[in-house]
There are 2 protein chains.
Amino acid sequence: MDNRAAILAHALRLFAARGYDAVGVQEIVEAAGITKPTLYHYFGSKRGLLDTLLEGHFTPLHQSVKQAAAYNGDLPFTLEKVARAYFDYAKTHRAFYRMQLALWYTPQQSEAYQAVAPWNEKLHQVIEEMFTHAAEQHGNMRNRQRPYTATFLGMVNTYIGLALNDYTELDDPLIYQAVHQFMHGIFS
Amino acid sequence: MDNRAAILAHALRLFAARGYDAVGVQEIVEAAGITKPTLYHYFGSKRGLLDTLLEGHFTPLHQSVKQAAAYNGDLPFTLEKVARAYFDYAKTHRAFYRMQLALWYTPQQSEAYQAVAPWNEKLHQVIEEMFTHAAEQHGNMRNRQRPYTATFLGMVNTYIGLALNDYTELDDPLIYQAVHQFMHGIFS
DNA sequence: CAAATAATGTACCGATCGGTATACTATCGC
DNA sequence: GCGATAGTATACCGATCGGTACATTATTTG
């Protein structure tokens with residue numbers, strides 16, 4: 001593994017375990033077995049390192065969710081695909097998702113939130129557009145796309161958080177139950 | 001307002017806005033218009049200040065939730081009381097709940113998590129006992145108290161997070177809908 | 001009033017923070 | 001082989017980190 005990849009891997013592990021603010025640059029370079037100028041050569045700053053980490057993981061997650069969110073007239077089916085996209089990514093990149101969950105509720109004025117906010121908005125928009133298409137058929141959903149999106153993503157992240165702490169498992173029955181539950185909340 | 005109260009108020013505001021790790025002791029004492037030895041006189045350490053903040057808010061929240069969680073044979077009714085206890089506290093102490101939400105998903109090895117973990121466990125236990133009592137009547141709930149508790153608290157915190165960002169309002173219809181939705185998830 | 005204690009400020013501590021000036025080495029295109 | 005560029009280390013920067021020794025001032029208690 002080259003130095004750049006080593007820095008990214010150790011930074012992700014440390015950020016996920018103790019948080020962005022609590023981990024110093026010195027600790028990262030020591031874990032990666034290199035020195036500070038190497039890190040600054042590749043990433044420019046601690047914030048640049050975080051940005052690179054986020055881009056490297058949010059890009060494929062965004063791609064995957066975008067494909068899953070293509071609306072075909074069947075809302076529960078589409079929501080199941082989206083939930084599955086999230087769950088799959090969380091299962092295969094646990095450290096990243098731990099970090100991303102901490103960033104989800106991190107204070108808005110913190111540096112880490114500034115870094116993650118554009119990605120959250122991007123993903124939020126993908127889901128919201130899906131609800132907008134669905135609202136063309138289900139009239140009573142109109143003008144509720146934003147709270148629906150926020151609620152759905154909140155539910156998805158809640159379940160992933162539970163799974164990361166071994167309270168549940170992100171399998172197909174959970175996907176079905178979660179979507180079923182969400183749909184029931186909408187239409188009642 | 002005396003100095004001790006001023007320190008607590010400004011620390012809470014800053015922690016909620018930018019996070020525990022990102023806010024330095026110097027910044028807190030400057031905001032409160034005092035100097036460091038005064039802070040250390042009252043709280044001993046930055047961690048002691050956080051502990052005092054948490055105790056001051058979690059004690060009444062715990063009391064309120066405990067009363068609400070007294071099970072009387074009607075599970076939806078009890079869950080509505082519990083959700084209302086949480087929502088009421090979040091509405092009247094927004095800064096605290098912002099901080100508490102960030103701490104909820106904060107990495108387990110961070111100092112802030114160590115401070116909040118005992119309170120989270122205490123509240124978790126109150127809800128879990130309520131589910132245990134309910135399971136004496138609803139046999140199919142037995143041995144699922146832990147995931148139910150985690151899911152219910154996750155849902156409550158999700159809705160509070162949405163409300164703090166103006167995605168929804170923590171009113172009675174939302175309480176009814178949330179509990180209804182949760183019950184539907186259990187019994188289907 | 002006197003002694004004790006609580007509350008506060010001045011000035012400082014070593015350690016760590018994120019970041020960099022400079023130089024050396026390795027690699028690559030010509 | 002040579003110049004350019006990428007990659008890396010040594011050694012350092014000022015600022016801030018959490019925390020404190022010590023003196024002073026209020027306040028309480030006998």
Side-chain angles (χ1 to χ4, degrees), chain A residues 1-56 99 102-103 106-107 109-117, chain B residues 1-56 99 102-103 106-107 109-117:
Chain A
M1 185 159 56
D2 65 4
N3 285 337
R4 193 187 130 98
I7 294 170
L8 285 171
H10 286 281
L12 175 59
R13 180 176 55 80
L14 289 166
F15 289 161
R18 301 218 319 283
Y20 174 76
D21 286 313
V23 176
V25 173
Q26 188 64 41
E27 188 175 358
I28 298 171
V29 300
E30 278 171 13
I34 50 113
T35 56
K36 277 206 266 184
T38 301
L39 186 150
Y40 282 88
H41 170 72
Y42 286 116
F43 305 107
S45 66
K46 187 188 181 185
R47 166 66 188 272
L49 168 58
L50 176 60
D51 285 333
T52 307
L53 263 180
L54 293 178
E55 185 179 358
M99 185 180 74
L103 265 37
T106 226
Q109 293 176 35
S110 70
E111 188 181 342
Y113 185 86
Q114 312 291 333
V116 80
Chain B
M1 183 161 55
D2 64 3
N3 285 337
R4 192 186 129 98
I7 295 170
L8 286 171
H10 286 281
L12 175 59
R13 180 175 56 81
L14 290 166
F15 289 161
R18 300 217 318 283
Y20 174 76
D21 286 314
V23 176
V25 173
Q26 188 64 42
E27 190 176 356
I28 297 171
V29 300
E30 279 171 13
I34 51 113
T35 56
K36 279 208 264 184
T38 302
L39 186 150
Y40 281 89
H41 170 71
Y42 286 116
F43 306 107
S45 66
K46 188 187 180 186
R47 167 67 189 271
L49 169 58
L50 177 61
D51 285 333
T52 307
L53 262 179
L54 294 178
E55 186 178 357
M99 185 181 74
L103 265 37
T106 229
Q109 292 176 37
S110 70
E111 186 181 343
Y113 185 85
Q114 312 291 333
V116 81

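All values derive from a computational prediction rather than experimental measurement. Proteins get letters first, then strands, A, B, ... in listed order; numbering begins at 1 in each.
The distance from the CG atom of L39(A) to the CZ atom of R4(A) is 10.5 Å, given to the nearest 0.5 Å. Rounding to the nearest 0.5 angstrom, the gap separating the CG atom in D2(B) from the CG atom in L8(B) is 9.0 Å.
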Using a 3.5 Å cut-off and no angle test, enumerate the donor-acceptor pairs between side-chain atoms of residues 12-33 of chain B and protein atoms at least two apart in sequence or in another chain.
{"from": "R13(B)", "atom 1": "NH2", "to": "H10(B)", "atom 2": "ND1", "distance (Å)": "2.8"}
{"from": "R18(B)", "atom 1": "NH1", "to": "E27(B)", "atom 2": "OE2", "distance (Å)": "2.9"}
{"from": "R18(B)", "atom 1": "NH2", "to": "E27(B)", "atom 2": "OE1", "distance (Å)": "2.9"}
{"from": "R18(B)", "atom 1": "NH2", "to": "E27(B)", "atom 2": "OE2", "distance (Å)": "3.4"}
{"from": "Y20(B)", "atom 1": "OH", "to": "R47(B)", "atom 2": "N", "distance (Å)": "3.4"}
{"from": "Y20(B)", "atom 1": "OH", "to": "E111(B)", "atom 2": "OE2", "distance (Å)": "3.1"}
{"from": "Q26(B)", "atom 1": "NE2", "to": "E30(B)", "atom 2": "OE2", "distance (Å)": "3.2"}

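Atom NZ in K46(A) sits roughly 13 Å away from atom C1' in dC17(D) (whole-Å rounding). Look at CG on L50(A): it is 12 Å from P on dG19(C), rounded to the nearest Å. One atom, CG of D2(B), and another, P of dT27(D), lie 13 Å apart when rounded to the nearest Å. Per the geometry, CZ belonging to F15(A) stands 12 Å off C1' belonging to dG18(C), to the nearest Å.
Checked by atom type and distance alone, the side chain of T38(A) never pairs as donor or acceptor with a backbone atom of I34(A) at under 3.5 Å.
The nearest pair of heavy atoms linking L50(B) to A112(B) is CD2-CA, 4.0 Å. Nearest approach of L103(A) to Y113(A), heavy atoms of both residues: O-CD1, 4.0 Å.
Checking the phosphate oxygens (OP1, OP2) of dT8(C), a side-chain nitrogen or oxygen of N3(B) falls inside 4.0 Å.
Contacts between residues 21-43 of chain B and DNA chain D, counted as heavy-atom distances below 4.0 Å, involve V23(B), G24(B), V25(B), Q26(B), K36(B), P37(B), Y40(B).
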